[in-house]
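Treat the numbers as computed from the prediction; the structure is a model and nothing was measured.
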Amino acid sequence: EKIFHNRDHSDVEIQQQADPIIDEGTAQQFLSKYGFIKPVNWEEIQFENEEAVLSDDSPAPKDIVSVIQEGGSLSRMGIKDQSDDPAESLQFTSALEEFQRVSGLPVTGAFDDATKAAMNEPRCGVPDKEEPADSSDAQNATETELRNATAGNITASTAANETVNGTEDWRASTEVH
Amino acid sequence: GKLHLKTLLSKGRRKREAEGLGHMAFSKKVLKWRLIGEGYSSQLSIDDQRYVFRLAFRMWSEVSPLEFEEDSHSPLEEIDIRLGFGTGRHLGCTQRFDGAGREFAHAWFLGDIHFDDDEHFTAPNAGSGISLLKVAVHEIGHVLGLPHIHRTGSIMQPNYLPQDAGFEIDWLDRKAIQHLYGACNGRFSTAFDWIRKERTPYGEEVIRFNTYFMRDGWYWMYENRSNRTRYGDPVAVQAGWHGIPADGVDAYVHVWTWSTDAVYFFKGTQYWRYDSENDRVYTEDPKGHRYPRLISEGFPGVPGPIDTAFYNRRDNHIYFFKGPDVYSFDVSANAKARGFPKRIDEVFPAAVPGDHPGGYLDAAYFSYTHNAVFLLKGTRFWRVVSGKDRIRQPSLPRNSLLPHREVEDQWFDICNVHATALKL
């Protein structure tokens, strides 16, 4: 147990508890954070400048990264609550199935109890699906975008042309939104 | 600056296409690590924290060519891997921790490892809590370039599984790290099977053997049935072989006949007889010989120092190797065999022309597991053709050497650890 000295244990700071994964919204954050929706550029996250680290309710890092990578629209990409967007829920289901598969769970595509329990298990914070960071085009695109994003003059179409390979269609659909 | 560093690293990092099994994160073999002062845990003593991390690094070192050295003094920028504990927003990290439960640690490819001090980390074998050792081995795996591996038994699984007693780095995780940094290799001082008598629970006397590889002052026990060295090896020679020179030996010979059962270690011009019953060298053996003795005294006609030696049960001769020559010593006659020394390639010719160690061997090893004699030199070995081989292929010259192979392809994971990590 935590070391205490006061009779009433008041000197033991109330230990913060991790927010449990309880519904599809938090499950989506989980899947997004660990790269099941889109591989996370984990290296990129380590390098984002402090300013970009938003307040406590900052969106899951993937979205911070996508804001940086995307460059064009610097508006925050908050976690969308459950939209009825069919593409989005399809994405969620396939990400959930992928998580269930690698976790050795029955692949139901539904946020069932077994999946919920698995998501609340103690785990490492490194994403399960990382984006290769140093393939040269991704590297250049990221650098260019970062530089342009800093300069604020990147345009959505530029971002679309220089996206990391394999995310083109994802980005395009996001840009549409 | 950070972006520039990332660019440098990304461009500089050699990424081996390894079926998605990570990337080589370091190009040097000796890495420095430190538990940073502002990152001590409030749950374990600092000594416990450092002990656990020393053990975690050593576990990776035992299965890879990498060596890890704890460095508490160099400037921080010279430290390759920095470890620290924190809670919530911590240690200047962009990824805040989530409190007790769920996320327990993360690692960055630049070599930072953070542990969430809101978790209940415990020292090895504490039974409860989250094993700091297991989490540390996992996170170090990330810093070395391994991703999450969704495979039962892998230390790189993303979820923490309560520690099965004494977890180890299994075969596939070893191959994954060796795929990035190569297998372990290097020359050996000697290799041998040590025979000992044991009593079964029913009182029967049985003969057992264990295989050992020695390199200077260190040794490994090799578990043939598991294709790996004993967990926790190498250890210092003097810890396991009492009385032989602490910096290692040149050769081991076990003379085993109906009337003789004598184990000898050779170093320089001297040799020791080993008392296997009491697991130490004799100062005086049952025949009244005192040790160490001069090789030339105990084996007339054989000049020390020797490179290596082995006892051949087929002809009851000891073969001493020295430079390009070999001396055959007749144990029964206690005399050098007639016509010796001869050149090694005359007595042990190459089965394939040109594929021969020449001389200056490191080890000559009779293996009970393989029922064969091996000559080791550098990272290679040559197997001596056996009687069975010659029945199958009569054209093979007697005692000829089959083409060489790499030691690492037959005896796996015999890896050094940093000298500072030899004793934990």
Give a yes or no on whether the backbone of B/Tyr160 and the side-chain of A/Arg123 come within a donor-acceptor separation of less than 3.5 Å. no
Please answer whether the main-chain N or O of A/Trp42 pairs with a side-chain N or O of B/Trp108 as donor and acceptor at a distance below 3.5 Å. no
Hey, is OH on B/Tyr40 packed in by over 12 heavy atoms from elsewhere, all under 6.0 Å? yes
Which atoms form the tightest heavy-atom contact between [X] and [Y], and what is the distance?
{"X": "B/Ile130", "Y": "A/Pro122", "result": "CD1-CB, 4.0 Å"}
{"X": "A/Glu121", "Y": "B/Asn159", "result": "CB-ND2, 3.0 Å"}
{"X": "A/Asp19", "Y": "B/Arg102", "result": "O-NH1, 2.7 Å"}

Could you go through B/His138 and A/Val126, starting from their C-alpha distance and side-chain angles, then the distance that decides it, and tell me whether this counts as side-chain contact (heavy atoms from CB on, under 4.5 Å)? CA-CA 11 Å; B/His138 174 101; A/Val126 173; 5.8 Å; no
State, with a plain yes or no, whether a side-chain heavy atom of B/His148 is found less than 4.5 Å away from one of A/Tyr34. no
Between chain B and each of A/Gly104, A/Gly125, A/Ala18, count heavy-atom pairs under 4.5 Å; write down the option with the most. A/Ala18
Under 4.5 Å from any heavy atom of chain A - which part of B/Glu139: side chain
Proximity breakdown for B/His106 and chain A, heavy-atom pairs closer than 4.5 Å: both
From SG (A/Cys124) to CG (B/Asp116), nearest 0.5 Å: 12.0 Å
